[in-house]
Structure formats: C-alpha cells, structure tokens
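For the numbers below, each heavy atom of this structure counts, side chains included, while hydrogens, waters and symmetry mates do not. In the text below, chain A, chain B and the rest are named by the order of the sequence lines, each starting its count at 1.
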Number of protein chains: 2
Amino acid sequence: MFKALADPTRRFLLDLLFARDGRTLTELESELEMTRFGVMKHLRVLEEAGLVVVRRSGREKHHFLNPVPIRLIHDRWIDKYTERQVTALLDLKNELEKDHDRD
Amino acid sequence: MFKALADPTRRFLLDLLFARDGRTLTELESELEMTRFGVMKHLRVLEEAGLVVVRRSGREKHHFLNPVPIRLIHDRWIDKYTERQVTALLDLKNELEKDHDRD
DNA sequence: AAGTTATGTGACCCGAAGGTCACATGTCAA
DNA sequence: TTGACATGTGACCTTCGGGTCACATAACTT
C-alpha cells in the first residue's frame, strides 16, 4: 500500500482520479506517455493497495479514488494533538502564499 | 519522499520515533535486526525526505519525527469536504472495534 | 596519547519493480 | 458472425534499491 504511492506514475493516476473519478483504462492511458500495459500494471497495484476501487460495466472498467487508506497513513504518525498544530501551521502557510503547487 | 515511506524498515523507524523522539543511530539500531549501515542508509533517506529532522550534539546525532510531510500527503488527495466523511467513518469504525493494530 | 565509542563513505551483490511486447479473451455493433 | 474495441496474461529486459563489508573520520574518556 505504501509501495503503491512510491511511484510517480501511480501518484499522477491518483491525481487524475482525484480531479475526476470513474475513468476507464484507455481514458487514463491517453493522459500518459506510456503503453497501455504499463498503465494497467500501475492500476492493478493501486487497486490491490485499496487506493483505487473498481466498477465493471460491460467490457469497460471504471476506476474510483478511495480516500480511506490515505487517511490511515495520516493517523498512523499524527496524533490528534499534533494534528491541530500541523493543520494550523499549513493553513497559515497557505494563507500567506495564496498560490500553491505541490510535488 | 513517497519512496521513503515505501520501505517497511523505514516505517518501523518512524514508528519508533513516533513513540519516542530524539533517539540516536545506535539506539535505533538496537531495535532492528540489521547492521548499523543499513539503518544509517534508511535514516538518511528519511532525512532527505524531510520526514526526520536531525540535531547534532557532539558525536551523537539525534533524530526527530516531522509530521508536516505526512499531512501534505493527506491534503493532496483528501479535500476538506471528503475529510469530514472519512474521519467520521474511521472514528465510527474505531468506536465499534475498540482494539486496533495496523499494518 | 591511546583506546573506545558514534558516525560516515565507497564499492559490491542480489532481488524486486517498472516497462514493453506477443498473444489471448471477452464484448459491443452492424 | 465478423470485425473492431476494451481489457487481460505471461515472459522478458533493465534499472534501482536494500543490505553488507572494509575502511575511515571525529569525539569522549582516562
């Protein structure tokens, strides 16, 4: 599950699904500079990690983002008390900068 | 930074630091079934990822957990609206189970 | 100064993961 | 049913990352 997040291509796939859910394999493939097979492998990893959930419809396979595992990562190393400090800090930072691009 | 979380040994190191901060290399080494060199490599990766912050004191090097990058992962794929749903869901789950061990 | 302790560096080995391809199955449409 | 489309499988290659070791520097102790 952590290994699933280790690859930049897979993170980009999550970004795509975060922007718009329910896309199919070929739809996602068109956004990447890679063979269909590569994308398929990555989606499989994400699926096995529980980060992506799948719904079949005929010959098509639609992919959806699952936020739960991400939250579990968060909760593993940030307790309720620290969370308040960190969110406050980051909210302040975003307030000061007002433009943000990550990674 | 995501690759830093991909390795189970490094996650265990974060767990150790989450339990108690400021430990030194040899202290952490004693908790693992590995050579000092292996642990050193892992700590270096965690440090470069910003997940661990370091304070030198003489010949000793103390390691501290930094929660900010973890929170950034969270914020990347969970918006404020979804966050409420997910936390509510997980709080409910923890309430029902009442015993929890992860990974 | 000398020995011990804490940490650092470079090279090396090996298994795992990313990527592609030939080939294959299942499904829609005419 | 025939062809086109969407997805799946296994083998293969190559690069990368985890782990160890020989060797090295720096600091505390007596």
Side-chain angles (χ1 to χ4, degrees), chain A residues 1-17 20-66 69-70 73 76-77 103, chain B residues 1-17 20-66 69-70 73 76-77 103:
Chain A
M1 131 101 220
F2 291 90
K3 288 183 182 174
L5 290 175
D7 185 83
T9 305
R10 285 196 287 268
R11 292 198 296 274
F12 183 65
L13 285 171
L14 291 182
D15 289 338
L16 290 176
L17 293 179
R20 181 163 56 84
D21 256 333
R23 304 205 217 190
T24 178
L25 168 61
T26 34
E27 281 181 279
L28 293 169
E29 175 202 352
S30 64
E31 305 271 352
L32 289 176
E33 316 271 322
M34 195 185 305
T35 324
R36 174 176 59 87
F37 307 98
V39 182
M40 204 184 337
K41 270 197 178 182
H42 286 303
L43 285 175
R44 178 179 180 79
V45 175
L46 289 172
E47 190 180 339
E48 289 176 345
L51 288 163
V52 162
V53 166
V54 157
R55 198 193 61 205
R56 304 217 51 141
S57 156
R59 61 179 168 181
E60 289 179 346
K61 192 174 177 180
H62 300 272
H63 301 78
F64 299 87
L65 181 60
N66 182 20
I70 308 279
I73 296 179
R76 175 165 177 176
W77 291 297
D103 210 7
Chain B
M1 133 99 219
F2 291 91
K3 287 183 184 175
L5 290 176
D7 185 83
T9 305
R10 285 197 287 269
R11 292 198 295 275
F12 183 65
L13 284 171
L14 292 182
D15 289 338
L16 290 175
L17 293 178
R20 182 163 55 84
D21 256 333
R23 303 204 217 190
T24 178
L25 168 61
T26 33
E27 281 181 280
L28 293 168
E29 175 203 353
S30 65
E31 306 270 351
L32 288 176
E33 316 270 323
M34 197 187 302
T35 322
R36 175 175 60 88
F37 307 99
V39 182
M40 204 185 337
K41 268 197 177 180
H42 285 304
L43 285 174
R44 179 179 179 80
V45 174
L46 289 172
E47 191 181 339
E48 289 177 344
L51 288 163
V52 161
V53 167
V54 156
R55 198 193 61 206
R56 303 218 49 143
S57 156
R59 61 178 166 179
E60 289 179 345
K61 191 174 180 182
H62 300 272
H63 301 79
F64 299 87
L65 181 60
N66 182 20
I70 309 278
I73 296 180
R76 175 165 175 176
W77 291 298
D103 208 5

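B:Thr35 meets the side-chain hydrogen bond (donor to acceptor under 3.5 Å, both in side chains) test with no other residue; sequence neighbours excluded. Every residue meeting the salt bridge (Lys or Arg N to Asp or Glu O under 4.0 Å) condition with A:Lys61, not counting sequence neighbours, appears here in chain and number order: A:Glu47. The side-chain contact (heavy atoms from CB on, under 4.5 Å) test applied to B:Met1 returns B:Leu5, B:Ala49, B:Leu51, B:Pro69, B:Ile73, not counting sequence neighbours. Qualifying salt bridge (Lys or Arg N to Asp or Glu O under 4.0 Å) partners for A:Arg10, counting only residues two or more places apart in sequence or in other chains: none. Partners of A:Arg59 under the side-chain contact (heavy atoms from CB on, under 4.5 Å) rule, at least two apart in sequence or in another chain, do not exist in this structure. The side-chain contact (heavy atoms from CB on, under 4.5 Å) test applied to A:Arg44 returns A:Glu48, not counting sequence neighbours. Under the salt bridge (Lys or Arg N to Asp or Glu O under 4.0 Å) criterion, A:Glu31 pairs with A:Arg23, not counting sequence neighbours. Partners of B:Glu60 according to the salt bridge (Lys or Arg N to Asp or Glu O under 4.0 Å) rule, which considers only residues two or more places apart in sequence or in another chain, do not exist here.
A nucleotide of DNA chain D counts as in contact with chain B when one of its atoms lies under 4.0 Å from a heavy atom; the first and last such, 5' to 3', are D:dG17 to D:dC28.
The distance from the CG atom of B:Leu13 to the CD atom of B:Glu29 is 11.0 Å, given to the nearest 0.5 Å. Note: A:Glu27 CD to A:Leu17 CG = 10.0 Å, rounded to the nearest 0.5 Å. Atom CG of B:Asn66 and atom CG of B:Leu46 lie 11.5 Å apart (nearest 0.5 Å). To the nearest 0.5 Å, atoms CG (B:Asp21) and NE2 (B:His63) are separated by 11.5 Å. Residue A:Arg11 holds its CZ atom at 6.0 Å from CZ of B:Arg76, rounded to the nearest 0.5 Å.
Phosphate contact (OP1/OP2 of C:dA6, side-chain N/O of B:Thr24, threshold under 4.0 Å): absent. Side-chain nitrogen and oxygen atoms of A:Thr35 include at least one within less than 4.0 Å of the OP1 or OP2 phosphate oxygen of C:dT20.
Within residues 49-66 of chain B, the residues approaching DNA chain D are B:Gly58, B:Arg59, by heavy-atom distance under 4.0 Å.
Comparing the axis of the opening five pairs of the helix from C:dA1-D:dT30 to C:dA30-D:dT1 with that of the closing five pairs yields an angle of 30°, rounded to 10°.
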Contact string for nucleotides 11-18 of chain C, one letter per nucleotide 5' to 3', B = base within protein heavy-atom range under 4.0 Å, S = sugar-phosphate only, - = neither, reads B-----SS
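Atom-to-atom, CG of B:Leu28 to P of C:dT7 comes out at 9 Å; the value is rounded to the nearest Å.
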